[in-house]
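The structure appears below as C-alpha cells.
Each ligand, and each atom within it, is numbered from 1 in the order the structure gives.
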Amino acid sequence: MLGLMQDQPLLISNLIDFAERHHGDGEIVSRRVEGDIHRYTWADVAARSRQVGNALDALHLVFSDRVATLAWNGYRHLELYFGVSGSGRVLHTVNPRLHPEQIAWITNHAEDQVMCFDMTFLPIIAAIHSKCSTVKHWIALCDTDNLPADTGIPGLRSYEAWIGGASSTYAWPSFDENSASSMCYTSGTTGNPKAALYSHRSTTLHAYAAALPDVMCISARDSILPVVPMFHVNAWGIPYSAALTGCKLVFPGAAMDGKSIYELMEAEGVTYSAGVPTVWQMLLGHLKANNLKFSTLKRTVIGGSACPPAMIAAFNDDYGVEVLHAWGMTEMSPLGTLCTLKNKHLLLSKEEQMKILLKQGRAIYGVDMKIVGDDGMALPHDGKAYGDLLVKGPWVVREYFKGEGGDPLVNGWFPTGDVATIDADGYVQITDRSKDVIKSGGEWISSIEIENIAMAHPAVLMAACVGMFHPKWDERPIVAVVKKPGQEVSRDTLIAFFEGKTAKWQIPDDVVFVDAIPLGATGKMLKTRLRELLKDYKLPGL
Ligand code: AMP
C-alpha cells in the first residue's frame, strides 16, 4: 500500500519560489567586482532567476545542457544557481584557481554551452576561449558599460544585456527530482579531474540537513557571509539552505583579504560565516594586528582541512566566537560531519568539552559511515582504532560524470580516502588523507596531530608534516614550518615544544623552515608538491 501524501518532486526551483513568497524582503548584499556594494532582496533574486530561465530558453539550451560559471560569491552568481538549475539545465561551477589549461579541459569534458564569468577572470577566458570547443555563448557578469571593447572573445555580451530584455515571468518546469542540477570537479591529485554530478533531490535534502541545529544551524535571524566560494561544492550548500531559511546573505566578491572581510562583517551585522582555515588565519591576523573585536559575529563553520586547535581557541577565547568544525568532500555535496556537543557533555569541564569540539564531528542524518581495516572488515567505534573512512547516503556520489574512473563504490560504500577514528558517541576524528599517512616502525603517525601541535606554538603560522624515507623505520616525520611575520623560533625550541604533547617516537625528527606551504586550488596543503620541493632533503644523521 502506498502512502496517500502528495507527490511533489524536490526541485531547486521550489527553494527560490519559497524564498520569494515567504521572505521576499530578506536582504542579499554583495561586494561587487566593480568595487561598490550592491543590495537587493530574495524577491529580486527570484525575479532575475526567472529572467535567466527565459534567457537560456532564448539561447535554445535544452534540458540538462551545461552552463558554466567562473565567478566569485555574488548576487549574479546566486541568480545563476537558481535560474540555470531551476530551468532544468546543469550549473557547472568552475574553480578559477585551477590552471587555465585545466579550466579549458574541464569545460570541454563537461561540454559547457555557456560560460558566465566575472570580469576578474577576463584574462583567463581571453587565453582559453579558442580551446573551449563546446562553448557557444560567452557572458561577462557585468553591465554593458563595464564591458571592454575588442576582447577578441566571439559574441561576448554582458549579463545585464543578456537577461535585461528577458521577461521575469517564467513557469519553472517540473521534472524528475533525480535530474542533474549542478556539477563540481574535484581537484584530485592523480589522473584527470572527475566531476560530482548533484541532483535536485540530493541538493534539496542536503539543504534541509545543513540547516539543522546540530549541523550548520542556519535561521532567518542570521546574516551569513559565506567565505567558502560558490565555485567549490556550491559554497557548502549555503545558497540553498539560505533560500530555505530566509537568512540574510552577504557576499564578499573578490575581496577575500582579512581587512575587507572584517569590514563587511561589521557593516552588515554578520552573525555567521564559513570557510577553510587558511582564510580565517588571514582574518585573525588582521584582528590581532589592529586590536579589533567582532561586534556581531557569533559562529563560524571551519572545514575543508583540519582546523588547528589553536584557531578554535583563538576564536573562542579571544573573540567569543563559536567554531563549528566540519568535515566533508566534493563527492558528499559536501557535508558529512559537524562537531557539536550532546546533552550529556554539557556538565563536562570546558577543557573536556574542547577535546570533543576539536574532532571533525558527528555524522549528519543522511550520511552513514564506517571505518575499515586493510582487510575491508569494519573496525570498532572506540575512538582508538583507525581505518579507511567509508560513507553512503542520498547526497554521496554513486559514480562520477561520464563514468570517469570506473565504479568508485566498495559494496555500495564510497571510500573517502581519509583515515579516521570514530568514538562510541559517533565523533569522527580524521587523522590523515590515506596517501599522507606516515608509517614509522610499523606504527602510524597522524600528520594532522603533528601539525596541530606545531601550530599551537605562538611563532608558527602554518605547518605541514610529511614522512621522509628512513632505512630503519621506513619513514620518520618532519615538519615544514612557516613562521609568523616578525616572529622567531629555532628548530630545537620547536622540537622541544612537542615534548609531553605526543608520544616520544611521534615527535618529528626535524623542522624545515620555509617561506610558504604550497596550497592547492581549494586552499588545502599540497603535500605532493611539498614532497617534490623537499626531494633533496635528508634526515639528520643519515
Ligand atoms: P574537497 O573534495 O576538495 O572538498 O576535499 C575533501 C577532503 O578535504 C576530505 O576528504 C579531507 O581529506 C579534507 N577535509 C575536509 N574537511 C576536513 C577537516 N575538517 N579535517 C580534515 N580534513 C578535512
> When the ring planes of Phe294 and Tyr262 are compared, do they come out parallel, tilted or perpendicular, using 30° and 60° as the limits?
Replying inline: tilted
> Would one find an N or O of Gly304, backbone or side chain, under 3.5 Å from an N or O of ligand 1?
Replying inline: yes
> For atom 21 (C) of ligand 1, which candidate among Gly523, Ala306, Ala196, Gly520 provides the closest heavy atom?
Replying inline: Ala306
> Using a distance-only test with no angle check, is there a side-chain donor-acceptor pair under 3.5 angstrom linking Thr120 and Trp72?
Replying inline: yes
> Taking atom types as modelled, is there a side-chain donor on Tyr185 or His109 under 3.5 Å from an acceptor on the other?
Replying inline: yes
> atom 18 (C) of ligand 1: which of Gly361, Ser305, Gly303, Pro277 has the nearest heavy atom?
Replying inline: Ser305
>> Among Val428, Thr330, Val391, which one puts a heavy atom closest to atom 2 (O) of ligand 1?
In response: Thr330
> So, His77 and Thr69: side-chain donor and acceptor under 3.5 Å apart, yes or no?
Replying inline: yes
> Regarding Trp413 and Asp368, is there a side-chain donor-to-acceptor distance under 3.5 Å anywhere?
Replying inline: no
>> If the threshold is 4.0 Å, N to carboxylate O, is there a salt bridge linking Asp418 and Lys435?
In response: no
> What atoms in ligand 1 come closer than 4.0 Å to a heavy atom of Gln360?
Replying inline: 18 (C), 19 (N), 20 (N), 21 (C)
> For ligand 1, which atoms, with element, lie under 4.0 Å from some heavy atom of Arg433?
Replying inline: 9 (C), 10 (O), 12 (O)
> What are the atoms of ligand 1, with element, lying closer than 4.0 Å to any heavy atom of His232?
Replying inline: 1 (P), 3 (O), 4 (O)
> Is a side-chain donor-acceptor pair under 3.5 Å present for Lys524 with Thr278?
Replying inline: no
>> Is the contact between Asp418 and ligand 1 made by the side chain, the backbone, both, or neither, using heavy atoms and a 4.0 Å cut-off?
In response: side chain
>> Quick check on contacts: which atoms of ligand 1 are under 4.0 angstrom from a heavy atom of Ala326?
In response: 16 (N), 18 (C), 19 (N)
> Heavy atom under 4.0 Å from ligand 1: found in Met329's side chain, backbone, both, or neither?
Replying inline: both
